[in-house]
**Student:** 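Quick one: the structure is below, and I'll ask about it shortly.
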Amino acid sequence: MPHQLDPDMLVSDGDPGAGTEVTVDLKGVRTRGTLDAYSDEEGHAGFETAADDENPRELSIRGRGQSFGPYRIGGGAYTVPLD
């Protein structure tokens with residue numbers, strides 16, 4: 001079953017982190033992988049995992065040289081406070 005992952009990248013003053021290169025690292029028992037995208041003008045980046053993705057999995061989110069997580073897949077929306 002695929003999962004929709006929706007990180008919002010926010011800079012320290014709470015404004016959107018527009019144009020941030022965002023990497024989602026997926027960690028699993030049998031498989032691992034990464035998803036890459038750039039955040040839009042509102043700081044949002046959208047990802048979808050593969051339909052045959054194993055469950056449960058954890059992920060971490062990277063942007064601007066910082067790493068956040070681990071988070072559990074299934075939460076959908078993640079807010080990431082960038083420095």
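Bear in mind that the values here come from a model prediction, so they are computed numbers and not experimental data.
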**Student:** Nearest 0.5 Å, what's the NE2-OG1 distance between H44 and T79?
**Tutor:** 11.0 Å

**Student:** Taking atom CD of E21 and atom CE of M9, what is their separation to the nearest 0.5 Å?
**Tutor:** 10.5 Å

**Student:** Are T34 and D25 linked by a side-chain donor-acceptor pair shorter than 3.5 Å?
**Tutor:** no

**Student:** Out of curiosity, does L35 fall in the hydrophobic cluster containing L59 (side-chain heavy atoms, cut-off under 4.5 Å, transitive links)?
**Tutor:** yes

**Student:** Measure across E41 and P16 and return the closest heavy-atom pair with its distance rounded to 0.1 Å.
**Tutor:** O-CB, 3.7 Å

**Student:** Can you give me the closest heavy-atom contact between P7 and V22, atom names plus distance?
**Tutor:** CG-CG1, 4.3 Å

**Student:** Looking at P81 and Q66, what are the two nearest heavy atoms and their distance?
**Tutor:** O-OE1, 4.3 Å

**Student:** Examine distances only and state if a side-chain atom of S39 and a backbone atom of G17 form a donor-acceptor pair shorter than 3.5 Å.
**Tutor:** yes

**Student:** A side-chain contact here means heavy atoms from C-beta on lying under 4.5 Å apart; do L5 and Y78 qualify?
**Tutor:** yes

**Student:** Will you find, in the side chains of R62 and S67, an N or O donor that is under 3.5 Å from an N or O acceptor?
**Tutor:** no

**Student:** Apply side-chain contact (heavy atoms from CB on, under 4.5 Å) to E48 and list each qualifying residue two or more places apart in sequence or on a separate chain.
**Tutor:** P2, Q4

**Student:** Search all heavy atoms of T49 against all heavy atoms of H3 and return the closest pair with its distance.
**Tutor:** OG1-N, 2.8 Å

**Student:** Looking only at heavy atoms, which two atoms of K27 and S60 are closest? And how far apart?
**Tutor:** NZ-OG, 3.1 Å

**Student:** Grab the two heavy atoms, one from F68 and one from L82, that are nearest each other, plus how far apart they are.
**Tutor:** CE1-CD2, 4.0 Å

**Student:** Once you round to the nearest 0.5 Å, how far does OG1 of T20 lie from CD1 of I61?
**Tutor:** 12.0 Å

**Student:** To the nearest 0.5 angstrom, please state how far the CD atom of E42 sits from the CG atom of D8.
**Tutor:** 8.5 Å

